[in-house]
Each structure stands twice: as C-alpha cells, then as structure tokens.
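Accompanying notes for the structure given below.
As the structure is a computational prediction, the values presented were derived from the model and not from experiment. When a ligand or atom number is given, it counts from 1 through the structure's own listing order. Note that these values count all heavy atoms, side chains included, but never hydrogens, waters or copies made by symmetry.
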Amino acid sequence: MINFQNVINDIHNNLKSSENRGVVASYIPELEKQSAKSFGIFLKPINGENCHVGDWNTPFSIQSISKVLALSKAIVFENNKVWQRVDVEPSGNPFNHLSLLELEKGIPRNPLINAGAIVIADILVTHLKHPKQDFLDYVRNIAGDHTINYNLDVAKSEQNTGFKNFAAAHLLKSFKNLNNDVDTVLDFYFHQCALELNCKQLANAFYLFANAGKCINNKQHLSLIQVKRINAIMLTCGFYDEAGEFAFEVGLPGKSGVGGGIVALLPSNFVIVTWSPGLNAKGNSLLGMQALEQFTTKTKRSIF
Ligand code: GLU
C-alpha cells in the first residue's frame, strides 16, 4: 500500500529549493504579484484520506483551468451540439494563437484554447440567466464550498490588457460563431478565468471528472460518456502546445493555467493539484510539471 502523504512530502522536498522555477506570468499585470516561491500539492483520492503539503491552502488564479469547468456546464446545456461550433483536435499552438482560427473559418481547434473557450463562454451566456453568478454557483456547488469567488482585480486587469482575446472574439463574430455581443461574452470569460481557488478547492471541483460524473456531494452532474469526452480533451489539449510532453512525462488527463496551477486526474483513482506560479517557456508551471512527473513515476499510477 502506497503512502501518498510520504510520496508528496518527498516530491515537495526534492523541488522546493529549486533555483530554476520559471517565470511568473506578467501579460495579465495582476498575476505578476504572485510569488515564484509558492509551491503546494494536494491529492484527493476517490477512496482514502486527502494528502497535502506546502502552500495548498493559498487561493490562486485558476485562469485556463476554468475552461474545463465551463465546458462541463456547456455540455449539460447543449450536449453534442457543442461540437458543431468547436472541434476536438490539439492545436499544437499557443493558447492565444489566431491564424488557425482564420484558416479554419472560425471553428476553434478545441474548447481549451482561448478561441474555443470564448465560444463555450458564449454558450453559457446564452443559457444562464445571470451568467457570472450562476457559473460561480455551479463551481461552488461541485466543489462543495461556498466561499469560492472571483478575484475582481484580476478580471479587470485582463479586461484592460486582453487584446488578443478581443481579436479572437471579433474574428469568431465575423464567422458567425458568436451569438452574443463581444463585450458581454468577454466580460464573462475574464471573470471565469479570474476564479480563485486553493489546491484543495480545485481538487474538490474536479472530483466529478475522476468519479464518473458525480461531485463530492454525490450528485450526478455528467454522464459517463460526457466525462469520457472531457477527460480525453484534457489529455490531448490541456497543456497548450505541450500536451504531448505532459502525456509523455506524466500520463494523466489534466489542465494547466497561467496562474501556475495544474490539475490532473486518474479516473476512479484520484485528483491531484499542484500550484507553483513560475511557468516554463510553453506557459505551464515548471515545478508543477516536474512534481507530477515524479508523482506518476514513483506511484506507477498513470493512464498508461
Ligand atoms: N485568461 C487567460 C487568457 O485568456 C487564460 C490563459 C491561460 O491560463 O492559459 O489569456
């Protein structure tokens, strides 16, 4: 029987004094306030005790990780109709790349790149009566934690500087793949990305993807087939143009964000979250990738 707490303690010890911690994102100015020294790990097994080490209790900006949660809500509203507006292929490009969108006539490669996530945001704006509040309530519900909130300074900071997202949204609109107006959709999208959760809250929110669609309160939110699809998209598209590398090194479906968080999971087994704000050249948390590689190697738990 593996002692998971000892495993994550060892990993944290191995990495916590690393000199090379990557670079904290600054293109959203508010994110630059994060300390590159922060480093936390939280493991939530499907059966068994939670384990944690380091800064697991500090809330951070989940950024692109929110795209998976938004997708899970959009799928409940539109099920397979979603795939008429967004494809499911890895893009092999950075998250905010635009030329493919033009070439492929406004159908984004997948729902986890920015253009795809903006289409998903459009779907939610169409279906939710009070989009920002209703989406926040959904995340609070599946995480079983009503203290979760948006960081309004981060949302505003991105609103002021997210020029490429405005470009993507206008391009989508020109191809008639955005039903609501650009400002409304992006206001929702920037808030969604500005959700702040700690490692434990994030592990709880993602529990349903490892637990056949049932959240921590045992409520069925997604069917098995929907969970299968979302996990497949995380595996193939969850790490910008480093999804192949993440599968190769770690071997789990997951999603990263430029706030330095990574969530990964093994269906029917566990959810694991790491947070370290320093990013590698591809925009993924440098220590987080290393920690997860060590975790699946030491425990021999991966989908492969
Ligand atoms: N809100 C960020 C953006 O749209 C998300 C980026 C990310 O975490 O990948 O640029």
Exercise for the section: Examine the proximity of ligand 1 to N114 and report which part, side chain or backbone, both or neither, has a heavy atom under 4.0 Å away. Expected result: side chain

Problem - Part of S64 within contact of ligand 1 (heavy atoms, under 4.0 Å) - result: both

Completion exercise
One finds that the ligand 1 atoms under 4.0 Å from a non-hydrogen atom of C193 are 1 (N)

Practice task
Classify the ring geometry between W56 and F42 as parallel (under 30°), tilted (30 to 60°) or perpendicular (over 60°).
Solution key: tilted

Handout entry: Element-labelled atoms of ligand 1 that are located less than 4.0 Å from some non-hydrogen atom of Y240
Key = 7 (C), 8 (O), 9 (O)

Exercise for the section: For V258, take its heavy atoms, then give the atoms of ligand 1 lying under 4.0 Å from any of them. Expected result: 6 (C), 7 (C), 8 (O), 9 (O)

Practice task
Using distance alone, with no hydrogens and no angle criterion, decide if N180 and T126 have a side-chain donor and acceptor under 3.5 Å apart.
Solution key: yes

Completion exercise
Numbered in order shown, the ligand 1 atoms found under 4.0 Å of a heavy atom of E158 are 1 (N), 2 (C), 3 (C), 4 (O), 10 (O)

Fill in the blank from the handout: Quick look: N165 vs ligand 1, heavy-atom contacts under 4.0 Å, and the answer is side chain

Practice task
Examine K67 against ligand 1 and note whether any of their N/O atoms are separated by less than 3.5 Å.
Solution key: no

Exercise for the section: Look at the aromatic rings of H127 and F77 and report parallel, tilted or perpendicular, splitting at 30° and 60°. Expected result: parallel

Exercise for the section: Evaluate the criterion side-chain hydrogen bond (donor to acceptor under 3.5 Å, both in side chains) for residue pair N114 and K67; output intermediate values, then yes/no. Expected result: CA-CA 9 Å; N114 286 7; K67 293 170 180 170; 2.5 Å; yes

Exercise for the section: Give yes or no for whether the N/O distance cutoff of 3.5 Å, strictly under, is met between G257 and ligand 1. Expected result: no

Exercise for the section: Determine the minimum heavy-atom distance between L31 and V24, stating which atoms define it. Expected result: O-CG1, 3.5 Å

Exercise for the section: Answer yes or no for K255 and Y240: cation-pi contact, defined as NZ/CZ to six-membered ring centre under 6.0 Å and angle to ring axis within 45°. Expected result: yes

Exercise for the section: Could you tell me whether K164 approaches ligand 1 through its side chain, its backbone, both or neither, with non-hydrogen atoms closer than 4.0 Å? Expected result: neither

Practice task
Please determine if Y27 has a nitrogen or oxygen closer than 3.5 Å to a nitrogen or oxygen of ligand 1.
Solution key: yes

Handout entry: Side chains of N284 and S256, donor plus acceptor under 3.5 Å
Key = yes

Practice task
Would you kindly check if the NZ (Lys) or CZ (Arg) of K44 is within the cone defined by 45 degrees around the ring axis of Y207 and under 6.0 Å from the six-membered ring centre?
Solution key: yes

